[in-house]
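Inspection log for the structure reproduced underneath, given as structure tokens.
First the proteins, then the strands, lettered A, B, ... as listed; each starts at 1.
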2 protein chains.
Amino acid sequence: MSSSSSPRTKKPSTSKRKNVSAQRAPVGTENKIDIRVVAARAGVSIATVSRAINHVPTVDPALAERVWQVVGELNYFPNTQARALVSGRSRLLGLIVSEITNPFFPELIQEFEQVAVERGYEILIASTNYERKKMESCTRRMLERKVDGVAVMTFGIEEFFFDRFAADKIPVVFIDAAPLRPLSGFLAVDYRAGIYEAVQHLAVLGHRKIGFIAGPLRLRSAAARKAAFVECMRSIGLTSHQDWLVEGDHTLEGGRDAMQKLLALPDQPTAVLCSNDMTAIGVQHALFEADLKVPDDLSLIGFDDIHLAEYTIPPLTTVRMSCKDLALRAVNLLMEQLQPESAKAKAAHPKIETKLVVRQTTGLPRGALKDLAAGKNVKTRG
Amino acid sequence: MSSSSSPRTKKPSTSKRKNVSAQRAPVGTENKIDIRVVAARAGVSIATVSRAINHVPTVDPALAERVWQVVGELNYFPNTQARALVSGRSRLLGLIVSEITNPFFPELIQEFEQVAVERGYEILIASTNYERKKMESCTRRMLERKVDGVAVMTFGIEEFFFDRFAADKIPVVFIDAAPLRPLSGFLAVDYRAGIYEAVQHLAVLGHRKIGFIAGPLRLRSAAARKAAFVECMRSIGLTSHQDWLVEGDHTLEGGRDAMQKLLALPDQPTAVLCSNDMTAIGVQHALFEADLKVPDDLSLIGFDDIHLAEYTIPPLTTVRMSCKDLALRAVNLLMEQLQPESAKAKAAHPKIETKLVVRQTTGLPRGALKDLAAGKNVKTRG
DNA sequence: CTGAAAGCGCTAACAA
DNA sequence: TTGTTAGCGCTTTCAG
């Protein structure tokens, strides 16, 4: 059709209404602007509006321009539901974390959200709290909302998740490892680099008896961190007493409890590495309760470098893992699977780096020069 | 139609396909089960399936039963997008927080999520980071996704938000205050109760010179907390030096900086109350840097009682505000607006309570007995 | 109480 | 290149 000249008056073309099979006027529908209104106002068909909005390249630039102008005037935005229904893509990304109350995750979420929104995606967050039941429920929620992809940032690949999503052909990215199947990818983290630095740092200070408080070992990432620790110790010529390798759960409580176990040992480590910062903060607390000082009585190193690490007392020496990188890469990986055609060249995926950040929880071990003079002794708790 | 008898074999009724105007077989469509499949299998119309699923009371119980059974067998769940498109309700709730990296919010989010999911809603989270621009973008995101309601937990009512949402008749709940208009509500928090306890606690310990580090005062809630403090001081017969009332921003950095300002004062308070826990943790850090001890050199009280408060060194005395209550009440309030018919009786809405939790950051002021003996002195930083 | 049919607002064939 | 049109899967009148 094309009413050759575009309307030059701003007044909303008053006689506008449902053009198709409209017997009765819609009730209560005030000024809902939909694609039809835009089309009419721009003097084109709804198909053209749709194409213009979706940047289909075959649209006449002049028309596209006119459409966009009307879109601006009317402040129109497409109905996401309708779009999703017909296109099958929801532009929703799932983000599954293990525990939203662990400060590392909000930091990750923030970055993830930003990147996703930039790319036009909304995110659906779910927290598993390490509970099987929650995992099921949040998987179902994601499925129901028809997310286009899911980032499983629980630091543990749960076959569980994958199978459900695979059935619906929904791309999934994990951390550290993923099933070798299409539509799944993973982000590799170079735990060794940072942990090696940490162990070496302690060794240089004179520590030989170094303990490690792991995360829940059924999580791959937690196991990987522990493995990295053991390996680094060995490569440096140190061996860690079995008793000094204790399993925590990445929470404050877990850190506290684990440290209390360590304190009950007859032969205690002089330094402890933790699988994450929350664990380390829990350790600090246990030490505080036992009236022990960091780093005088025990050197402590965390992992993650959450913002708070700079503010603990004393400020926590820790291994930094950039959650910004993690988030960005996770989204990118998802995008790659969503738009395989995109010439984004599937850029190489180097490992996510980790590096030591020295603050004030590490120092000379007990028994070192300063203590020999003072003849300091350690209290342990029964 | 109605193939009178329900199929007794489990095998997917093979000849099933699009029943309406199906010229070509859908390509690649494997085993997508939609309402039609369920209807066919249950031997009823899709309308009945819809009604059964939505618990419309007029459905024959026997039929409903049959439908539900098939739903179970097929593991069917309705397509959210389609449902949203036609019904106009997305079953999506927006949750706007000021800063997701402030641990208080993840705790709130967790509770909110749980309640919302229980009620069949999904939540869309957005963090404003106190930036105007972000507020706009997240408002738009909520509008685009057609949320059914929004909880603005930024602790500051931004007319901004309300106007945009009001235009689309989307219910909004705020904290502390809301515009007097339909489709908006607010949660009242009884700041005074907890703050009064806190001030009194300090007074009893012997503190007279009590400072307050506020949040960003353009946030109503921050202003309310400060006002409560000033009022409590007065009612107890104390006055706070103007210099001791400093504005922070609810972040670690803000707390640290504010404390540094306080430390630069010739006449310093012996105790400080903070508008939130993060501020207090920042204060602890500033004190640590200045080589001052809590509570020996300064008594400190936070607000919120985030989980971490129990783990600071020393553990933080703080005023608890239950984020569980907050979340529950926010969702309920939203529900009330969404289903005005619901006989939920619009239960009374008592204020959210706050109460003091004494831990270890409060003690006798400097100058009290213990220090007189020691002749302790304070270092301040220039 | 149940079924047939009309769309919700949009995208994607297919035609022109 | 643009317009027409058929649905996406569901809820909801409106008849029966």
Side-chain angles (χ1 to χ4, degrees), chain A residues 1-4 18-29 32-40 42-64 66-67 71 76-91 144-146, chain B residues 1-4 18-29 32-40 42-64 66-67 71 76-91 144-146:
Chain A
M1 55 170 258
S2 75
S3 58
S4 51
K18 292 293 144 55
N19 48 4
V20 191
S21 62
Q23 278 116 355
R24 62 173 191 284
V27 278
T29 313
K32 287 285 168 215
I33 45 188
D34 62 11
I35 200 175
R36 274 174 284 264
V37 179
V38 176
V44 298
S45 73
I46 61 168
T48 298
V49 174
S50 174
R51 286 191 277 252
I53 283 181
N54 292 298
H55 299 108
V56 173
T58 60
V59 181
D60 181 314
L63 282 192
R66 216 155 78 206
V67 169
V71 164
Y76 163 81
F77 47 85
N79 179 317
T80 349
Q81 335 266 23
R83 199 193 273 232
L85 181 57
V86 54
S87 73
R89 301 180 318 117
S90 62
R91 294 198 81 82
E144 286 187 359
R145 290 287 167 179
K146 299 234 180 320
Chain B
M1 49 173 268
S2 75
S3 56
S4 51
K18 293 295 146 58
N19 48 5
V20 190
S21 61
Q23 278 117 353
R24 63 174 189 284
V27 278
T29 312
K32 287 286 168 212
I33 45 188
D34 62 12
I35 200 175
R36 274 174 285 262
V37 179
V38 176
V44 298
S45 71
I46 61 169
T48 299
V49 173
S50 174
R51 287 192 275 254
I53 283 181
N54 292 298
H55 299 109
V56 172
T58 60
V59 180
D60 181 315
L63 282 192
R66 218 156 77 207
V67 168
V71 164
Y76 163 81
F77 47 86
N79 179 316
T80 346
Q81 334 267 21
R83 198 191 271 230
L85 181 57
V86 53
S87 73
R89 302 181 317 117
S90 62
R91 296 198 80 83
E144 287 187 0
R145 291 286 168 179
K146 300 235 180 320

Report the distance from atom CZ of B:R145 to atom CZ of A:R91, rounding to the nearest 0.5 Å. 8.5 Å
Are any side-chain N or O atoms of A:N54 and backbone N or O atoms of A:V56, one a donor and one an acceptor, separated by less than 3.5 Å? no
In whole angstrom, what separates B:L85's CG from C:dG9's C1'? 6 Å
Nearest-nucleotide comparison on DNA chain C, the residue closer to the 5′ end among A:T80 and B:L63: B:L63
Whole-Å distance separating the CD1 atom of B:I33 from the P atom of D:dC8: 16 Å
Using whole Å, report how far CZ of A:F77 lies from P of C:dG9. 13 Å
From the options D:dC10, C:dC10, D:dT2, select the nucleotide whose nearest atom is closest to the side chain of B:I35. D:dC10
A:N54 atom CG is separated from C:dT11 atom P, nearest whole Å, by 5 Å
May I ask you to evaluate whether A:Y76 reaches the phosphate of C:dC10, defined as a side-chain N or O under 4.0 Å from OP1 or OP2? yes
Residue whose nearest DNA chain C nucleotide is more 5′ - B:T58 or B:S87: B:T58
Between D:dC10, D:dT2, C:dG3, which nucleotide gets closest to the side-chain atoms of A:R51? D:dT2
Return the value, rounded to whole Å, for the distance between atom CD of A:Q81 and atom P of C:dC10. 11 Å
Applying a 4.0 Å non-hydrogen cut-off, can you work out what B:S50 is touching in the nucleic acid: base, sugar-phosphate, or nothing? base
Distance test, side-chain N/O of A:N79 to OP1/OP2 of C:dC8, below 4.0 Å: no
As a test of understanding, state which of A:I35, A:V59, A:V37 forms a side-chain contact (heavy atoms from CB on, under 4.5 Å) with A:V49. A:I35
Side chain of B:A47 only, please: which of C:dA12, D:dT11, D:dT12 is the nearest? D:dT12
Residue A:R83, side-chain atoms from C-beta onward, closest of D:dT2, D:dG9, C:dC10: C:dC10
Could you give the distance from CG (A:N79) to NZ (B:K146), rounded to the nearest 0.5 Å? 4.5 Å
Measure from the side-chain N and O atoms of A:S90 to the backbone N and O of A:A84, and report whether any donor-acceptor pair falls under 3.5 Å. no
N or O in side chain of B:T48 less than 4.0 angstrom from C:dG3 OP1/OP2: yes
Closest nucleotide among D:dG9, C:dC10, D:dG3 to the A:V86 side chain: C:dC10
Taking the side chain of B:V44 as its heavy atoms from C-beta onward, which of C:dG3, C:dT2, D:dC8 lies nearest to it? C:dG3
Out of D:dC10, C:dG9, C:dG3, minimum distance to the side chain of A:R36 belongs to C:dG9
What's the closest nucleotide to the side chain of B:D34 if the choices are D:dT5, D:dC10, C:dG9? D:dC10
